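Since we're looking at a predicted model, the values are computed, not measured. Counting convention: from 1, in listed order, for ligands and their atoms alike.
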Amino acid sequence: MSNFMDLDQNGKAQAYYIWIDGSGQNIRGKTKTLDHPVTSPDELPEWNFDGSSTNQSTGENSDVYIKPVSIFKDPFRRGDNILVMCECYAPDGSPLPTNRRNACNKIMEKHKDQKPWFGIEQEYTLFDDTGKHPLGWPKNGFPGPQGPYYCGVGANRVKGRKIVEAHYRACLYAGVKIAGSNAEVMPSQWEYQVGPCEGIEMGDHLWVSRYILARVAEEFDVVVSFDPKPIPGDWNGAGCHTNISTLEMRKVGGMEHIIKAIEKMGKKHDEHIAEYDPTNGADNARRLTGLHETASIHQFSYGVANRGASIRIPRQCEKDGYGYFEDRRPASNCDPYAVTARIVASICE
Ligand code: ADP
Ligand code: MN
Ligand code: MN
Ligand code: MN
């Protein structure tokens, strides 16, 4: 491929427009040639696609408009080529139901003086190209029980590290604020963290990191699953632990504000669960069982260093008396725009 990818582009640039489809969790995208390189989403034209093919409109009225909102360097095409995160709009100018960014942006703007920061821990599972068989699991039966895999090393402990490493570099190149990565408790399951990101930036960076991951895995004929409980039974599920702080929480004495925020969120447990996966809690119900480092979906709880609670206050933050806290409920297939908007609504309104 490099024979072709190294060819001169004659001054043109390629923009890969990305949007969230009708499932609220899958990413779609297509490429547009630009006459010259751009440095801001404002310089990019709006575009459209056939919404009847993405479960976002009917065949008779199929055009959906996509509006560029943030740009990243394209790690696959390099040079002046870019990835473009977009919002979806109906022809009458109203945001589509799957465009959760529109409302999220309004609430982030309203409370920007509080400088809400987020860090999301994206867990995911690698599957072979059928999308049905976890990568590297025995053809018949199961790997040995959980224990040796988390943060493990060695071909009998971890599967798919090439993808993890390629994804990490690709995110750094793109300008995605990736913060770390680790092998997870279930074999073929991994995590990376994105953050801290302020306000709307969290959703933009996480969605683009997901695109890059799926696109890197494609090079290896591997499928990325964001299912929150990909393998039923005694295997860990996959979440999107969301770490949160506001300006006040990050200052000396911030613990008081952390506790206040957690108690406000506790009064809205059901509203949060409804926003923490794309199926109103149905997907997450398979994961939040009270086992495998989760709290029951039916009950709100919090505690210091408690990984069996809905919300965990890190030990270090308790010691310091300020910092941030972790909402462990969001599912791996959550929409980070919906999650961060819900959190800011609960703690800042
Ligand atoms: P865990 O111990 O739960 O596995 P990780 O190290 O995986 O935690 O993730 C912690 C996340 O918290 C990182 O994404 C990091 O960017 C984020 N984070 C750190 N400090 C803050 C803060 N003050 N506000 C919000 N998020 C933060
Ligand atoms: Mn983590
Ligand atoms: Mn994890
Ligand atoms: Mn965590």
**Asked** How far is atom 23 (N) of ligand 1 from its nearest protein heavy atom, and which residue and atom is that?
**Response** Ser245 OG, 3.2 Å
**Request:** Using the ring of Phe220 (Phe, Tyr or Trp, six-membered ring only), decide whether Lys162 places NZ or CZ under 6.0 Å from its centre and within 45 degrees of its axis.
**Result:** no
**Item:** Check: Thr340 and Cys104 side chains under 4.5 Å, non-hydrogen atoms
**Value:** yes
**Message:** Closer than 4.0 Å to some heavy atom of Gly195 - which atoms of ligand 1 meet that?
**Reply:** 16 (O)
**Message:** Does Lys67 qualify as a cation-pi partner of Trp19, given the criterion of NZ or CZ under 6.0 Å from the six-membered ring centre and within 45 degrees of its axis?
**Reply:** no
**Prompt:** For atom 1 (P) of ligand 1, which protein heavy atom lies nearest, and how many Å away is it?
**Reply:** Glu121 OE1, 3.5 Å
**Item:** Element-labelled atoms of ligand 1 that are located less than 4.0 Å from some non-hydrogen atom of Pro196
**Value:** 16 (O)
**Asked** Considering only N, O or S atoms, which atom of Glu191 is nearest to the Mn ion (ligand 2)?
**Response** OE2
**Prompt:** With Arg329, which of His269, Glu275, His241 fulfils side chain to side chain donor-acceptor pair (under 3.5 Å)?
**Reply:** His269
**Asked** Does any non-hydrogen side-chain atom of Tyr337 lie less than 4.5 Å from one of Ile20?
**Response** yes
**Prompt:** Just wondering, do Met265 and Ile347 contact through their side chains at under 4.5 Å, heavy atoms?
**Reply:** yes
**Request:** Provide, to 0.1 Å, the distance between atom 17 (C) of ligand 1 and the closest protein heavy atom, together with that atom's residue and name.
**Result:** Gly119 CA, 3.9 Å
**Message:** For N/O/S atoms only: which one belongs to His241 and is nearest the Mn ion (ligand 4)?
**Reply:** ND1
**Asked** Looking at the Mn ion (ligand 4), which N/O/S atom of Glu326 is the nearest one?
**Response** OE2
**Asked** What are the two closest non-hydrogen atoms of Lys229 and Arg286, and how far apart are they?
**Response** O-NH1, 3.3 Å
**Fill in**
For Glu121, the N, O or S atom at the shortest distance from the Mn ion (ligand 2) is OE1
**Message:** Check this for me - ligand 1, Tyr324, N or O atoms closer than 3.5 angstrom, yes or no?
**Reply:** no
**Fill in**
The closest protein heavy-atom partner of atom 13 (C) of ligand 1 is Gln193 CB, 4.1 Å
**Message:** Rounded at 0.5 Å granularity, tell me how far OG in Ser245 sits from CG in Leu247.
**Reply:** 9.0 Å
**Prompt:** Is any side-chain heavy atom of Val223 less than 4.5 Å from a side-chain heavy atom of Asp128?
**Reply:** no
**Item:** Close approach of Arg307 to ligand 1, heavy atoms, under 4.0 angstrom
**Value:** yes
**Request:** Output yes when the distance from some N or O of ligand 1 to some N or O of Arg328 is under 3.5 Å, and no in every other case.
**Result:** no
**Message:** Between Ser301 (side chain only) and Gln299 (backbone N and O only), is there a donor and an acceptor less than 3.5 Å apart?
**Reply:** no
**Complete:** Of all protein heavy atoms, the one nearest atom 10 (C) of ligand 1 is Asn243 ND2, 3.7 Å
**Request:** Quickly, which of Arg328, Glu263, Arg312 forms a side chain to side chain donor-acceptor pair (under 3.5 Å) with Tyr302? Name it, please.
**Result:** Glu263
**Atom indices of ligand 1, in the order listed, that fall short of 4.0 Å to a heavy atom of Glu191** = 7 (O)
**Request:** Could you tell me whether some N/O pair between Arg312 and ligand 1 is separated by less than 3.5 angstrom?
**Result:** yes
**Request:** Check if Lys177 has a non-hydrogen atom at a distance under 4.0 Å from any atom of ligand 1.
**Result:** no
